[in-house]
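Remember, it's a predicted structure, so these values are computed and weren't measured experimentally. Note that these values count all heavy atoms, side chains included, but never hydrogens, waters or copies made by symmetry.
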Amino acid sequence: MQNNVRVRFAPSPTGYLHVGGARTALFNWLHARHTGGTFVLRIEDTDKSRNTSEAVQVIFDSLQWLGLDWDEGPMKGGSAGPYFQSEREAVYQSYFDRLKEGGHLFEDGGAWRFRSPREVVVVDDEICGKIEFDLRSPETHPDMTIRRPDGSWIFHFVNVVDDIEMKITNVIRGEDHLSNTAKHLELFKALGAEPPRYAHIPLILNPDGTKMSKRDQGASMTSYREAGYLPEAVCNYLCLLGWSPKDDREKMDMSEIVKRFELANVNRKNAAFDLDKCTWLNAEYMKDVSDERFQELARAALGRAGVKLDGYAPEYVTAALATCKGKLRVFHDLPAYAGFYFSDAIAYDPVAAEKQFTVENRPRLAAVRSAFAAASCFDAAAVESALKGVAAAMGVKVGVLVHPTRLAVTGAASGPSLYHLLEVLGREKVLERIDRALGAF
RNA sequence: GGCGCAUUCGUCUAGGGGCCUAGGACACAGCCCUCUCAAGGCUGGUACACGGGUUCAAAUCCCGUAUGCGCUGCCA
């Protein structure tokens with residue numbers, strides 16, 4: 001494996017990082033790390049009107065969140081900079097002049113077009129194989145425009161120029177560029193440059209097979225962070241879309257994937273995005289999260305949901321959140337799951353209330369209340385034995401008592417371990433809530 | 001329309017002529033476990049797009065058809 005591999009991710013700042021773009025970045029990064037090569041980040045911001053610094057920042061944030069660090073590019077520097085196309089005017093101008101001097105260009109209504117040599121071009125793609133494109137007919141393949149009348153540059157031209165200038169050896173990009181590649185090859189040839197190796201990866205589609213656009217669920221990387229997904233889970237899931245380690249491993253950390261990732265093993269088939277599976281993988285990673293990180297991310301998730309923690313003792317918050325660890329698939333679910341810890345306005349789940357707040361359950365709950373009030377202490381073990389004592393005395397199964405108690409105290413039919421949650425809440429609050437529930441029968 | 005790429009369970013995939021009465025995972029259903037819900041364990045159903053070849057033998061190779069996607073921009 002050669003050591004001078006140079007790959008690049010070249011996003012256009014559109015205000016979000018598309019999941020397809022993220023996977024393209026990921027595969028480039030994996031190839032670089034696998035081969036010991038260099039991962040370059042280049043911002044293709046030639047369209048001045050719709051590029052803002054915020055939009056660029058979103059790309060940086062998303063890549064960093066995923067853990068895809070670049071070796072050359074914005075903030076990192078490198079010998080082939082600048083890495084913003086908006087700052088490379090002189091470079092483009094000189095290549096443009098060369099093309100013009102070579103007689104490859106002609107003006108058309110103020111715009112400049114590249115005169116196709118009209119040949120059959122072979123694209124030798126590492127994933128798709130050898131593909132012939134017959135560009136001989138101007139009818140079906142008009143000469144491409146490379147510069148607009150206002151002087152701004154067209155993607156095809158600057159993309160090729162930068163790949164030459166930045167000495168890119170492997171272009172790994174979405175399959176939507178496969179047909180463009182023949183045209184790019186013409187440009188490389190006219191400029192007397194050796195083209196890179198190409199690898200076109202399949203696209204990521206919506207579950208219904210349609211193209212994913214900004215508004216579609218799961219399309220924007222930012223949405224994963226906001227929903228409280230773990231970056232390592234999202235990254236792992238993205239790896240599994242279009243690539244497989246060939247054995248049945250699915251949950252793999254990045255170091256293992258870096259070792260095993262081979263461009264040649266990438267599929268040619270578009271993949272439908274499955275948020276359920278991504279969430280499942282996230283749940284798997286949630287089990288591995290350290291207590292410290294769990295606490296931190298949980299607080300952030302509550303903050304995003306507008307749950308105020310200010311009025312509660314830090315130990316209370318920590319203990320409350322600890323009862324939720326290992327129970328969540330995504331942090332997004334936390335506010336609904338643990339909201340009862342941080343608000344006394346308990347709203348009873350209507351279906352559960354109808355089932356549990358019944359005439360026969362009222363004396364049972366009342367008995368539980370008395371036992372709780374009489375318990376010598378109120379830790380999980382004491383609460384458990386108190387409740388089990390009532391069950392034994394009344395000749396009912398524990399579950400018969402557990403359900404109405406849980407509903408009375410949390411408002412929900414399910415949640416954290418009942419005994420632990422009661423301990424955290426404390427006797428005073430628990431009795432209060434049971435009293436209130438007794439009035440709701 | 002033209003050109004290109006693709007086509008294995010609902011979804012992601014394994015498979016590269018005999019090991020395939022097609023394997024794994026998510027999702028789904030049932031059972032077990034259990035203080036709820038998850039988790040975990042067990043069980044179950046569902047797939048080689050279609051039609052022709054080639055071959056003793058095809059999910060695997062070839063050719064058509066269909067369908068999907070991409071490109072066909074002074075978007076990237």
Base-pairing mate for [N] - Watson-Crick or G-U, with both contacts under 3.5 Å:
{"N": "B:rU55", "value": "none"}
{"N": "B:rA66", "value": "B:rU7"}
{"N": "B:rA76", "value": "none"}
{"N": "B:rU34", "value": "none"}
{"N": "B:rG45", "value": "none"}

*Return the 5'-most residue of the pair A:D134, A:C278 with respect to RNA chain B, ranking by each residue's nearest nucleotide.*
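Going by which nucleotide is closer to the 5' end, it is A:D134.
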
*If you find the nucleotide of RNA chain B closest to A:A271 and the one closest to A:W280, which residue's nucleotide is nearer the 5' end?*
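It is A:A271, whose closest nucleotide lies nearer the 5' terminus.
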
In whole Å, I'd like the distance from the [atom1] atom of [X] to the [atom2] atom of [N].
{"X": "A:H141", "N": "B:rG2", "atom1": "NE2", "atom2": "C1'", "value": "8 Å"}
{"X": "A:K251", "N": "B:rG24", "atom1": "NZ", "atom2": "C1'", "value": "17 Å"}
{"X": "A:D208", "N": "B:rC69", "atom1": "CG", "atom2": "P", "value": "9 Å"}
{"X": "A:F273", "N": "B:rG10", "atom1": "CZ", "atom2": "P", "value": "20 Å"}
{"X": "A:R113", "N": "B:rU72", "atom1": "CZ", "atom2": "P", "value": "13 Å"}
{"X": "A:N267", "N": "B:rG15", "atom1": "CG", "atom2": "C1'", "value": "12 Å"}
{"X": "A:D108", "N": "B:rG73", "atom1": "CG", "atom2": "C1'", "value": "13 Å"}
{"X": "A:Y198", "N": "B:rC5", "atom1": "OH", "atom2": "P", "value": "17 Å"}

Considering only [options], which nucleotide approaches the side chain of [X] most closely?
{"X": "A:V402", "options": "B:rC5, B:rC35, B:rC74", "answer": "B:rC35"}
{"X": "A:H403", "options": "B:rC12, B:rU36, B:rC5", "answer": "B:rU36"}
{"X": "A:T145", "options": "B:rC74, B:rC12, B:rC37", "answer": "B:rC74"}
{"X": "A:D248", "options": "B:rC35, B:rC74, B:rG23", "answer": "B:rG23"}
{"X": "A:D176", "options": "B:rA14, B:rC74, B:rG70", "answer": "B:rG70"}
{"X": "A:R148", "options": "B:rU11, B:rC75, B:rG40", "answer": "B:rC75"}
{"X": "A:N180", "options": "B:rG40, B:rC37, B:rU72", "answer": "B:rU72"}
{"X": "A:K211", "options": "B:rG70, B:rU72, B:rA14", "answer": "B:rG70"}
{"X": "A:D276", "options": "B:rC26, B:rG40, B:rU13", "answer": "B:rC26"}
{"X": "A:P149", "options": "B:rG4, B:rU8, B:rC74", "answer": "B:rC74"}

Could you give the distance separating [M] and [N] at their [atom1] atoms, to the nearest angstrom?
{"N": "B:rA29", "M": "B:rU65", "atom1": "C1'", "value": "38 Å"}
{"N": "B:rA14", "M": "B:rG24", "atom1": "C1'", "value": "7 Å"}
{"N": "B:rC31", "M": "B:rG45", "atom1": "C1'", "value": "15 Å"}

Applying a 4.0 Å non-hydrogen cut-off, can you work out what [X] is touching in the nucleic acid: base, sugar-phosphate, or nothing?
{"X": "A:P416", "answer": "base"}
{"X": "A:L418", "answer": "base"}
{"X": "A:H156", "answer": "base"}
{"X": "A:E175", "answer": "sugar-phosphate"}
{"X": "A:G242", "answer": "sugar-phosphate"}
{"X": "A:G399", "answer": "nothing"}
{"X": "A:Q356", "answer": "nothing"}

Counting only distance, no hydrogens or angles, is the base of [N] paired donor-acceptor with the side chain of [X] under 3.5 Å?
{"X": "A:K327", "N": "B:rU36", "result": "yes"}
{"X": "A:S417", "N": "B:rC35", "result": "yes"}
{"X": "A:K277", "N": "B:rA25", "result": "yes"}

May I ask you to verify if any side-chain N or O of [X] is less than 4.0 angstrom from the OP1 or OP2 atom of [N]?
{"X": "A:K246", "N": "B:rG15", "value": "yes"}
{"X": "A:K287", "N": "B:rG40", "value": "yes"}
{"X": "A:T405", "N": "B:rC35", "value": "no"}

Give a yes-or-no answer on whether the side chains of [X] and [Y] include a donor-acceptor pair shorter than 3.5 Å.
{"X": "A:R406", "Y": "A:T410", "answer": "no"}
{"X": "A:H200", "Y": "A:T181", "answer": "yes"}
{"X": "A:Y348", "Y": "A:Q356", "answer": "no"}
{"X": "A:T279", "Y": "A:Y229", "answer": "yes"}
{"X": "A:E232", "Y": "A:N236", "answer": "no"}
{"X": "A:Y92", "Y": "A:T46", "answer": "no"}

_Any residue meeting ring-ring contact (aromatic ring centres under 6.0 Å, His included) with A:H177, in chain and number order, not counting sequence neighbours_ =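 Here the qualifying residues are A:F155.
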
*Is it true that the NZ or CZ of A:R23 lies under 6.0 Å from the centre of A:F27's six-membered ring and within 45 degrees of the ring axis?*
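Yes, a cation-pi geometry.
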
*Name all pairs fulfilling the salt bridge (Lys or Arg N to Asp or Glu O under 4.0 Å) condition that reach into residues 377-388 of chain A, sequence neighbours left out, sorted by first residue then second.*
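Only A:E384-A:K388 qualify under salt bridge (Lys or Arg N to Asp or Glu O under 4.0 Å).
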
